[in-house]
Novice: 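First, the structure itself, so that you have it in front of you.
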Number of protein chains: 2
Amino acid sequence: MVSTFEVLAEPRRREILDLLRARERPVGDLVERLALSQPAVSKHLRVLREAGLVEVRTDAQRRWYRLRAEPLRELEAWLAPYRRLWDEHLDALERHLDTMPDDPEESGS
Amino acid sequence: MVSTFEVLAEPRRREILDLLRARERPVGDLVERLALSQPAVSKHLRVLREAGLVEVRTDAQRRWYRLRAEPLRELEAWLAPYRRLWDEHLDALERHLDTMPDDPEESGS
DNA sequence: AAGCTATATAACCATAGCGACATGTACACG
DNA sequence: CGTGTACATGTCGCTATGGTTATATAGCTT
């Protein structure tokens, strides 16, 4: 099994998800937009499927792929504790700038 | 150059960041806690450094590594549009459950 | 049933990533 | 100034991954 992080490491797979964010799409549609071979796209879709990031619906020969955002919560959860950190750093920077004297030439080069 | 996504695909690197979230640490400390060889850890640290996810401070022979959360904003930014999606889906589920009649036997098997 | 369409799978190749071991480098200390 | 400590870097082997080409599968269509 592959973690959500590894699945998203692939730029093409992120592109696919971005495309599916707009709407459900058949494979051929993705192939066109990604300028990638059909088997390559199918392979990525398989990985995404096994990670639960997409669902398929069969309609005659067409397979319509749809986004499933739920596994992205894992990302969200991991990221959460870091969010406060960059906020803190920004605050620190602001405080720093607030206490700076207004002589930009001073510390040059 | 390596994208933040690829950098975070490695479980060990996420572990390293998680450790650094608590406090600045020298390499040896990370080696102990990760049960990984020192060169392996150094290699991961190099990747993290080049991605701007950590900073080093030299103190005699020790190198103290510190977290830099800022590049994680890229993740955050990518994730943002998806966040509403899983919220929407939850809402849809809730609405669905609200309109369900209370006869759990009906749709069995 | 034959043939076309849409997609999946198989087989193969090239490359990259991660690990371990060995070695280089920088600093402290006696 | 040689030795130990703390870390980085080089090299190598293995495995995994992503791409391509060829082929299998499934469903219309006539």
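Source: prediction; values computed, not measured. Every chain is numbered from 1, with letters handed out A, B, ... down the list of sequences.
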Novice: Reading DNA chain D from 5' onward, which residue's closest nucleotide shows up sooner: A:A9 or B:V27?
Specialist: B:V27
Novice: If we ignore angles and hydrogens, is there a donor and acceptor under 3.5 Å between the side chains of A:H44 and A:R12?
Specialist: no
Novice: Is there a path of hydrophobic side-chain contacts, each under 4.5 Å between heavy atoms of I/L/V/M/F/W/Y residues, joining A:V54 to A:V31?
Specialist: yes
Novice: Within this structure, what is the CD-to-C1' distance between B:E32 and D:dC7, rounded to whole angstrom?
Specialist: 15 Å
Novice: Please check the phosphate of C:dA6 (OP1 and OP2 only) for any side-chain N or O of A:R62 closer than 4.0 Å.
Specialist: yes
Novice: Could you tell me whether B:P39 contacts a base, only the sugar-phosphate backbone, or nothing, with contacts defined as non-hydrogen atoms closer than 4.0 Å?
Specialist: base
Novice: May I have the distance from A:E6 (atom CD) to C:dA16 (atom C1'), rounded to whole angstrom?
Specialist: 15 Å
Novice: What is the distance, rounded to the nearest whole Å, between atom CH2 of A:W64 and atom P of C:dT5?
Specialist: 18 Å
Novice: By nearest nucleotide on DNA chain D, pick out whichever of B:G28 and A:Q61 is the more 5' one.
Specialist: B:G28
Novice: Please determine if B:D18 and B:R14 form a salt bridge, counting it only when a charged side-chain N lies under 4.0 Å from a carboxylate O.
Specialist: no
Novice: Give a yes or no on this: more than 12 heavy atoms of other residues, nucleotides or ligands lie within 6.0 Å of atom CZ of A:R66.
Specialist: no
Novice: I'd like to check the salt bridge (Lys or Arg N to Asp or Glu O under 4.0 Å) partners of A:E15; sequence neighbours left out, ordered by chain and number.
Specialist: none
Novice: Is the shortest distance from a Lys or Arg side-chain nitrogen in B:E10 or B:K43 to a carboxylate oxygen in the other one below 4.0 Å?
Specialist: no
Novice: Going by side chain to side chain contact (heavy atoms under 4.5 Å, CB included), name the residues that satisfy it together with B:Q61, two or more places apart in sequence or in a different chain.
Specialist: none
Novice: Examine the base of C:dA6 for any acceptor or donor lying under 3.5 Å from a partner atom in the side chain of A:Q38, and report the outcome as yes or no.
Specialist: no
Novice: Output the rounded distance in Å from CG (A:L36) to C1' (D:dT20).
Specialist: 10 Å
Novice: OP1 or OP2 of C:dG19 sitting under 4.0 Å from any side-chain N/O of B:S37?
Specialist: no
Novice: Distance check needed: C:dT7 C1' versus A:I16 CD1, whole Å only.
Specialist: 14 Å
Novice: Compare side-chain N and O positions of B:R13 against OP1 and OP2 of C:dC18 and report whether any pair is under 4.0 Å apart.
Specialist: yes
Novice: Could you give the CD-to-C1' distance, from A:E10 to D:dG19, as a whole number of Å?
Specialist: 10 Å
Novice: Output the residues of residues 40-60 of chain B in contact with DNA chain D, where contact means a heavy atom of the residue under 4.0 Å from an atom of the strand; sort by number or write none.
Specialist: B:S42, B:R46
Novice: Counting only side-chain nitrogens and oxygens, does A:Y65 get under 4.0 Å of the OP1 or OP2 atom of C:dA6?
Specialist: no
Novice: To the nearest Å, give me how far apart CG (B:L30) and P (D:dA8) are.
Specialist: 10 Å
